[in-house]
Amino acid sequence: MSKLKTFTKEIKKVLVANRGEIATRIIRACKELDIKTVAIYSEADAKSIYVKKADEAYLIPSDPIQAYLNYFRIVDLAKQTKCDAIHPGYGFLSENPEFAEYCWKQGIVFIGPHPDHIALFGDKMAAKKKMRELGVPVLPGSDEPISDIKKAKKIADEIGYPVILKAAFGGGGRGMRIVREESEFEDLFKSAFNEAKKFFGRGDVFIEKYVENPRHIEIQIMADKYGNVVHLGERDCSIQRRHQKVVEIARSPTLNEDVKRELYRTSVKAMFKVGYENVGTIEYLVDEKDNFYFIEMNTRLQVEHTVTEMVTGIDIVQQMIKIAQGEKLGFLQEDITMRGYAIEFRVNAEDPKRNFAPSVGAITSYHSPGGPGVRVDAAVYKDYVIPPYYDSMIAKLSVWALTWDQVVNRARRALDEFIVRGVPTNLPLLRAIVRDEDFIKGKFTTRYIEEKLPTFNLEDKTADLEDLVAAIAGAIAAYHKI
């Protein structure tokens, strides 16, 4: 650990350094704790829901993305508005150790882990090395970032094909390539290197043995400042498209109970040993023989935290705030009960019939589902104009029920109720998934969508001519407003 000293103080006012549905989620958590909130927004987000929900909101006049990345300006605003703390949400600055350290140095509580832990786990090679030292299984591969193609090829030859190349200083599937044969290595290495350099400023990659048909399982960790560490169970995030999660499930419907217990034990022990604080998610690959391997740790709130909240009844965002202001965890591991199953669906503004190209424009009609066990975290409404600058996710639908069969039935009903008009969305894909026999049986790996997509009907069966006319009119109106 560095010499940076964090501190505790009562949090009465929080600046939310994010946008969209996660900003709304944080504001809601703060309101229930009787904490005032300050929102920031770019010009593109001036009409966003979260701007209206916060107690105060301030325009950051800048490029639409840079508005959420200029942490000097953000911290200055927090001090000017007399905020005690900043919550980074996910994405943007949430895993930036320099931002976290700057907050602390300026007398602002950073609602998240110590900057040293953000830095450690943000460096995939250092994280892998550390976890190996702690006795956590890791995949064979390189121990440091690599930019030299000859050195990279030598390592690939040693561990054997197939291998996977990953950006050493970024994530989200960027700079990631699977190399199945030696003859492909040079071209795919150059492609991964160039993409990583474009998106993260550095093209270095690391190499790992590629696991065929794995499940992607993650363990939610929570720890206070006094050495108390608990887990909140696992999430199955295997259903992905291009390494981006699409459907997340708590708890896994098919993972062996002995494997679950070992994942819990290993994760809690590792985080206790490193002295971790606040929330974090350790991600693993589980192969066909139930062997598991550490792949990375996210030192932030996850998009899919909703399903863990639904099966445990624990408000993760509120717990982050309480830990940050120095409170002890209000429960022990044996007090946490995981009940039933929950599924989260990421509703994205993207066109399934155009290779899931991002969609922008006005939403002409919007109706979210409801009823028992249904939760919607959304950033949009009727007449909202989706800007072209940000991630395509516009809503998260989460459903809960006592049994797996019940939660699948509830998901099917809720997805059928969900109506978004004016822009294409991935709702047809989600509706196809919950009707697929393998999904119903709980049988899926990270190749699920890749294998199933050609067989899915991605027509939006809920659309009709009236909707089409309204969508065209809305798009024209939105164009003239812009």
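Only heavy atoms go into these numbers, but all of them, side chains included; no hydrogens, no water, no symmetry mates. These numbers were taken from a predicted model, which means no experiment stands behind them.
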| message | Parallel, tilted or perpendicular: which one describes the rings of Tyr68 and Tyr390, with boundaries at 30° and 60°? | response | perpendicular

| query | Between Tyr264, Phe272, Phe331, Tyr276, which is the residue that forms a ring pair (Phe, Tyr, Trp, His ring centres under 6.0 Å) with His231? | reply | Tyr264

| Does Arg265 pair with Glu262 as a salt bridge, N-O distance under 4.0 Å? | yes

| query | Strictly by modelled atom types, are Gln406 and Tyr341 linked by a side-chain donor-acceptor pair under 3.5 Å? | reply | no

| request: State, without any angle test, whether Arg235 and Thr281 hold a side-chain donor-acceptor pair at a distance under 3.5 Å. | output: yes

| query | Less than 4.0 Å between a side-chain N and a carboxylate O, is that true for Asp315 and Arg25? | reply | yes

| message | Could you measure the distance from the OG atom of Ser398 to the CD atom of Glu309? Nearest 0.5 Å is fine. | response | 9.0 Å

| task | Give a yes or no on whether a salt bridge exists between Lys245 and Glu218, defined as a side-chain N under 4.0 angstrom from a carboxylate O. | result | yes

| Pair Arg431 + Asp460, salt bridge at N-O below 4.0 Å | yes

| task | Name the orientation class of the two ring planes belonging to Phe185 and Tyr161 (parallel below 30°, tilted from 30 to 60°, perpendicular beyond 60°). | result | perpendicular

| message | If we count only N and O atoms by modelled type, under 3.5 Å, do the side chains of Tyr90 and Asn298 hold a donor and an acceptor together? | response | no

| query | Taking the six-membered ring for Trp, are His114 and His117 parallel (under 30°), tilted (30 to 60°) or perpendicular (over 60°)? | reply | perpendicular

